[in-house]
Amino acid sequence: MAHTSADIELRLLMEAVYAKYSHDFRDYSGASLKRRVQHALLQFECETISELQSRVLHDPRAFQQLLEILTIPFTEMFRDPGFWRALREQVVPVLQTYPSLKIWIAGCSTGEEVVSLAILLREEGLLERSMIYATDINPVALDKARQAIFPIAGVRQHTANYQQAGGKAAFSDYYNAAYSSARFDRDLIRNVTFADHSLATDTVFSETQLVLCRNVLIYFNRGLQNRALGLFHDSLCHRGFLGLGSKESLEFSNYAERFDPVSRKERIFRKR
């Protein structure tokens, strides 16, 4: 099959990024990468991907900008409320049987999901005995996640999601509004370790009871999806739980037979 010049340039850019910065986007879904690189060309005012490659190779700040574009998050607190309700009703009762918990949130982005989980765990009496690893490949997003400060503009949607997810308090109890931001209670993330981690190149956090990786696998090709699912499988203890995003599935993966569905609709699975 003949490749266009743009396809070849895109592949070379990803090889260059990996060789220079050790960030591996080579197995990300082609369609998604193309869209994001097209956006980068506009942002950088570059005519071609080769021109963009030259900029990125010679200027680490340009690479940081490109990394922002390639990993741009769409996230909100308690996104897909049905997922969080199922987590609360079907997974939490099992988690409550453990004396201590290790949880891994892979692809934590700017931290909305981390704080959502911390709120749910606090309400279920589990936060104090939980150790949470929140990982992402974007250092700027991780810095934002460590702050637990989110734009006030999103709070109305976050509040509605929280209520639909079975929240047990007033959502406003968890944050203080300051100017254009909502600052969440720092105690919520006291037991969270934020870390730079790539599902394409790094290894696992072992003996976790719960892994959440939501709306990340959709950006990967089949091979990288299988690598990530292998990390989650190896990370989880016997009968540990895995939560995926609403458009993600274990079907057709190498790991379909190694998990039982807890809620197929909400994409929650349990390791066999």
Side-chain angles (χ1 to χ4, degrees), residues 27 29 75 77-109 113-114 116-127 129-136 161 164-168 192 197-200 202-272:
D27 289 321
S29 142
T75 183
M77 294 188 68
F78 294 96
R79 182 182 180 184
D80 304 320
F83 170 86
W84 295 94
R85 186 176 277 279
L87 198 66
R88 194 187 285 269
E89 292 172 357
Q90 294 173 262
V91 176
V92 160
V94 181
L95 298 183
Q96 285 169 332
T97 67
Y98 290 97
S100 64
L101 291 171
K102 276 169 77 176
I103 297 168
W104 178 16
I105 302 179
C108 72
S109 187
E113 190 165 79
V114 179
S116 301
L117 182 66
I119 288 171
L120 186 150
L121 292 172
R122 180 188 277 182
E123 291 183 356
E124 299 299 335
L126 289 171
L127 187 58
R129 54 177 140 139
S130 298
M131 182 74 218
I132 301 170
Y133 300 99
T135 65
D136 203 274
N161 289 350
Q164 289 169 42
K168 294 184 172 178
V192 180
H197 180 279
S198 166
L199 294 171
D202 293 330
T203 55
V204 303
F205 296 86
S206 60
E207 282 301 294
T208 56
Q209 282 79 33
L210 173 64
V211 173
L212 298 187
C213 182
R214 304 185 63 239
N215 310 299
V216 175
L217 299 184
I218 49 173
Y219 298 113
F220 294 175
N221 69 14
R222 183 63 55 80
L224 187 51
Q225 286 178 0
N226 278 319
R227 184 188 197 276
L229 291 170
L231 292 181
F232 305 150
H233 180 271
D234 294 348
S235 169
L236 286 165
C237 66
H238 177 63
R239 304 300 283 151
F241 295 91
L242 171 64
L244 300 179
S246 60
K247 296 182 177 66
E248 297 165 337
S249 173
L250 293 177
E251 281 182 73
F252 314 117
S253 79
N254 295 354
Y255 290 86
E257 303 303 313
R258 304 200 197 181
F259 287 88
D260 296 315
V262 173
S263 169
R264 209 179 280 282
K265 179 173 181 283
E266 299 301 345
R267 306 298 200 270
I268 298 174
F269 305 90
R270 195 170 187 190
K271 182 175 169 178
R272 284 185 180 168

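Keep in mind that this is a model prediction, so the values were computed, not measured.
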Provide the closest heavy-atom pair for E207 versus C237 in the form atom of the first, atom of the second, distance. OE1-CB, 3.5 Å
Kindly compute the distance separating CD (Q90) from CD1 (I268), expressed to the nearest 0.5 Å. 6.5 Å
Strictly below 4.0 Å, N to O, side chains only: are D260 and R272 in salt-bridge contact? yes
K102 side chain to S206 backbone, donor-acceptor under 3.5 Å: yes
Looking at K168 and E124, is any side-chain nitrogen of the basic one under 4.0 Å from a carboxylate oxygen of the acidic one? yes
Which atom names give the shortest non-hydrogen contact between S130 and L121, and what distance separates them? OG-CD1, 3.9 Å
From CD1 (I132) to CG (L127), nearest 0.5 Å: 6.0 Å
Charged N to carboxylate O under 4.0 angstrom, D80 versus K265? no
Checking side-chain contact (heavy atoms from CB on, under 4.5 Å) for the pair L250/L242: CA distance, chi angles, key distance, verdict? CA-CA 10 Å; L250 293 177; L242 171 64; 4.2 Å; yes
Does a side chain donor of either S109 or T75 reach within less than 3.5 Å of an acceptor in the other side chain? no
Quick check: do F269 and L229 have side-chain heavy atoms less than 4.5 Å from each other? no
Short side-chain to backbone donor-acceptor contact, R129 and Y98, under 3.5 Å: yes
Under 4.0 Å between a Lys/Arg side-chain N and an Asp/Glu carboxylate O for E248 and R267? no
Kindly indicate whether the side chain of M77, heavy atoms from C-beta on, has any atom under 4.5 Å from the side chain of E113. no
Check whether any side-chain N or O of S235 sits under 3.5 Å from a backbone N or O of L231 as a donor-acceptor pair, and report yes or no. no
Judged by atom type as modelled, is there a donor-acceptor pair below 3.5 Å linking the side chain of S263 to the main-chain atoms of E266? yes
Whether K271 side chain and F241 backbone form a donor-acceptor pair below 3.5 Å: no
Whether the side chain of N226 engages the backbone of S253 through a donor-acceptor N/O pair (distance < 3.5 Å, no angle test) should be reported. no
Give the minimum heavy-atom separation between L217 and A228, together with the two atoms involved. CD2-CB, 3.7 Å
Does any non-hydrogen side-chain atom of V211 lie less than 4.5 Å from one of I103? no
Quick check against the 3.5 Å criterion: does R270 have a side-chain atom that pairs as donor or acceptor with the backbone of G240? no
I need the Y255 OH to Q225 CD distance, nearest 0.5 Å. 12.5 Å
Would you find a donor on one side and an acceptor on the other, under 3.5 Å apart, between the side chain of S29 and the backbone of Y219? no
Rounded to the nearest 0.5 Å, what's the gap from CZ on F220 to CG on L199? Could you check? 5.0 Å
Under a 3.5 Å distance rule, please check whether W84 uses its side chain to pair with a backbone N or O of R79 as donor and acceptor. yes
Q209 and L101 have their tightest heavy-atom pair at OE1-CA, 3.3 Å
If I take atom SG from residue C108 and atom CZ from residue R214, how far apart are they, to the nearest 0.5 angstrom? 13.5 Å
Would you check, one step at a time, whether the test side-chain contact (heavy atoms from CB on, under 4.5 Å) holds for L236 with F259? CA-CA 11 Å; L236 286 165; F259 287 88; 3.8 Å; yes
Measuring only between side-chain heavy atoms, which start at C-beta, is L117 closer than 4.5 Å to L87? yes
Donor-acceptor pair, distance only, cut-off 3.5 Å: does the side chain of S198 make one with the backbone of A200? yes
Looking just at side-chain N and O atoms, do T135 and W104 make a donor-acceptor pair shorter than 3.5 Å? yes
Does the pair R222/D27 count as a salt bridge with the N-to-O cut at 4.0 Å? no
When the aromatic ring centroids of H197 and F205 are compared, is their separation below 6.0 Å? yes
